Amino acid sequence: MSTSSENKSAADPSYGAEDIQVLEGLEAVRKRPGMYIGSTGPTGLHHLVWEVVDNAVDEAMAGYCSFIQVTVKTDGSVEVRDDGRGIPVGLHPKFEDLTAAEVVLTVLHAGGKFDGSGYKVSGGLHGVGVSVVNALSTRVEVEIDRDGSRHYMSFKDGGNPDEKLRKIGDSPLDDDGKPVTGTMVRFWPDATIFKEGIDYRTQTLVDRFQMMAFLNAGLEFSVDDERKEKFEQVRLRYDGGIKDFVNHLNASKEALFEDVGWFEEETDNEEVEIAFSWNSGYQTDGIHSFANGISTTEGGMHEQGFRTALTRTINSYARDKNILKEKEDNLQGEDIREGLTAIISVRVAEPQFEGQTKSKLGNVSVRSLVEKATNDKLREWLEEHPREAKFILNKALQAAKARIAATNARQTIRRKSALDGAGLPGKLADCQSKDPDESELYIVEGNSAGGSAKEARDPRTMAILPIRGKILNVERARIERMFKNTEVISLIQAIGAGIGEEEFDLEKSRYKKIILLADADVDGSHIRTLLLTFFFRQMRPIVEAGYIYIAQPPLFSTEVGKSKVYLKDAIARDEYLKTKPNAEFQRLKGLGEMDAEELWDTTMDPERRTLLQVTVDQAAIADETFSVLMGDDVESRKKFIQTNADDVRFLDI
Ligand code: 0RA
């Protein structure tokens, strides 16, 4: 970028020292873009859109904007239109020769706060403002409808003024005959900064705007992608706000009652809004929290306040109504949270974001606000909804029973393990090595394949655990039933690191490679999904650490002369047929039909095998995938499989 201090020399009387300062600010953004937008990869590129849209959402939060339209254009630019008040066009009180609009576009952190009409609460993660977008674009065009006139200005080469702000006509009139207000910002990201390319992903935009639409009831987003001929404009608007959010998250689940619960409370500078519902599932991690429209995945004070008050309120209600008898123990938090889906949305004047990913809300005052709101208003809601309260309490009481049964079952396993000596399952053919770094556990479907695998393995580093039939579907099963399932018990014992959120200890895992070996057919894929669900739900750290692998036994074999050729799948077979036409293809009927040598050669030999490592890129997406794939709702499952049929990630599991 050539700063204006270079091309508009100090001799130019219209150009004051402060303008030069302004442009030096933008120059700093271009020198270290990462400091302002996180990265110059796809995340940073999308961040530009978030910056502009956050400003429009601020207008919506202040009550002045109801529609935000985002269009990805064919020339790499993005246009954001809103019907807010329009960026102020008068002269700025501090920068005497600049309009407020020019200041917003060229001064870092200018935002909406300079004019004293600053918002009570502002969204935006970093809140660096639209000027950063200007600094990182080759061109920016701004159109403002305000005070009855349409204004226009443009910038080029990282924030240098191109055309100064001027009136270009009257603003059009709305249905009531009043001139419309609003802002249009169109920017062309600078390809010399975003070296990985200017390629917006519409789904990323839609996902974020959907979240924002849920968090701002009634605010409508429209997303359009002019690069794609067939792209259908997406409209997002939820008049029910976070209540609709809860329904959306529960869509593939079976709700305990129809109407989502909701309450809110505010003080002078803080607001909280909570929506909640229970489903028949067994998960306890359904609380999602937000602060100023930003997802707080690490939780924080708002979540803490809610959890404490939820446990307290439900227990005291249960006591008062004599549902919980005097001699009975209190319900625990986890009992009450089983099957709960809740959205906590707080708005705070000065949010403190803490934690590893800056996604944990640190404001202590928010805890007491949320705690008090929940104590008072949840109690009220329970009193007004006795039928719903009964469902919730029945569910929590059952969960408590299951928890106690699970503790007993767990103790039995421990005792049994102690009696067994090493505590290893009888079916396990363990490896000689005790070093997890080199130890591998093969989980093999079926006893006969298990037999071949035992014969074929390198006994020094490879352990074999045959698994019979379909293991329990853990998505549907409560933990105490899992502990009665012999296959599940063997798995837990073999890995040796415990189970469940509280007890599982990755450090204790006896193997750092856990390899699922099942047939390449539909049944095999079902078993793989069940095993993965089990690991994901009960030993998540092991998945996150990348310990889980999928072996790839071949699907086809053929005789060539005296030797056998194995081919992984239909694609490999077709490739092979192109080079060597051979009618005599044999489809392997299953792992069980391979002898030890074949199994070693094709699937187990570390020199020749291919293993697919299972990764959890995005816990939330995987979570939903498992819920849909393994849960109760057949329709969602069907739809999911149909829509993801061409996505190998999902087919592979
Ligand atoms: C400064 C002050 C005010 C609004 C805005 C900026 C504003 C910025 C953007 C960016 C995109 N859309 C926007 N809409 C508004 C407050 C306006 C007032 O006090 O009237």
Side-chain angles (χ1 to χ4, degrees), residues 22 25-26 29 36-37 46-73 77-95 98-137 139-155 159 165 171 174 178-189 205 208-209 212-213 216 219-223 292-293 349:
V22 162
L26 295 192
V29 177
Y36 299 86
I37 54 163
H46 286 79
H47 199 107
L48 302 184
V49 182
W50 313 151
E51 276 303 337
V52 181
V53 170
D54 281 351
N55 278 276
V57 172
D58 280 351
E59 282 290 286
M61 284 196 213
Y64 298 102
C65 167
S66 62
F67 184 56
I68 300 171
Q69 188 177 37
V70 178
T71 312
V72 183
K73 302 279 192 179
S77 68
V78 176
E79 181 187 280
V80 180
R81 281 180 185 277
D82 68 65
D83 63 355
R85 284 170 292 184
I87 310 180
V89 291
L91 281 181
H92 192 275
K94 274 208 213 108
F95 300 79
L98 291 179
T99 60
E102 287 168 302
V103 172
V104 168
L105 265 293
T106 53
V107 179
L108 294 181
H109 303 287
K113 286 171 191 141
F114 57 82
D115 60 352
S117 75
Y119 310 110
K120 171 172 166 185
V121 163
S122 159
L125 186 50
H126 308 292
V128 282
V130 205
S131 55
V132 166
V133 177
N134 201 4
L136 301 175
S137 297
R139 178 167 184 78
V140 171
E141 292 177 358
V142 184
E143 215 174 77
I144 299 165
D145 282 308
R146 198 174 158 112
D147 305 331
S149 297
R150 179 160 289 183
H151 308 72
Y152 175 88
M153 65 178 159
S154 62
F155 301 84
L165 189 76
S171 297
D174 67 13
K178 284 202 219 100
V180 301
T181 62
T183 306
M184 184 287 294
V185 176
R186 181 170 173 185
F187 60 93
W188 283 255
L205 304 178
R208 182 164 177 120
F209 299 147
M212 288 175 144
N216 295 279
L219 174 60
E220 180 162 332
F221 284 86
S222 148
V223 186
N292 294 7

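One-based numbering, in listed order, for ligands and for the atoms of each. As the structure is a prediction and not an experimental result, all values here were calculated from the model.
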For this session: Quick one: pull up CG in Asp54 and CE in Met212 and give me the separation to the nearest 0.5 Å.
Result: 4.5 Å
For this session: For Asp147, check side-chain contact (heavy atoms from CB on, under 4.5 Å) against everything at least two apart and list the hits.
Result: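 So Asp147 forms a side-chain contact (heavy atoms from CB on, under 4.5 Å) with Val89.
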Which ligand 1 atoms are under 4.0 Å away from a heavy-atom of [X]?
X      : result
Glu59  : 4 (C), 14 (N), 15 (C)
Thr183 : 11 (C), 12 (N), 13 (C), 14 (N)
Arg146 : 17 (C), 18 (C), 20 (O)
Asp82  : 11 (C), 12 (N), 13 (C)

Exercise. Would you say Pro88 contacts ligand 1, with heavy atoms under 4.0 Å as the rule?
Worked result: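 So Pro88 counts as touching ligand 1.
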Exercise. Do the side chain of Asn134 and the main chain of Val130 share a donor and acceptor less than 3.5 angstrom apart?
Worked result: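 A pair under 3.5 Å: no.
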Exercise. According to the interplanar angle, ranging from 0 to 90°, do the rings of His46 and Trp50 count as parallel (below 30°), tilted (30 to 60°) or perpendicular (above 60°)?
Worked result: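 Aromatic pair His46/Trp50 classed tilted.
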For this session: Sort out for me which residue in Val70, Ile68, Val80, Thr183 forms a side-chain contact (heavy atoms from CB on, under 4.5 Å) with Val52.
Result: Val80
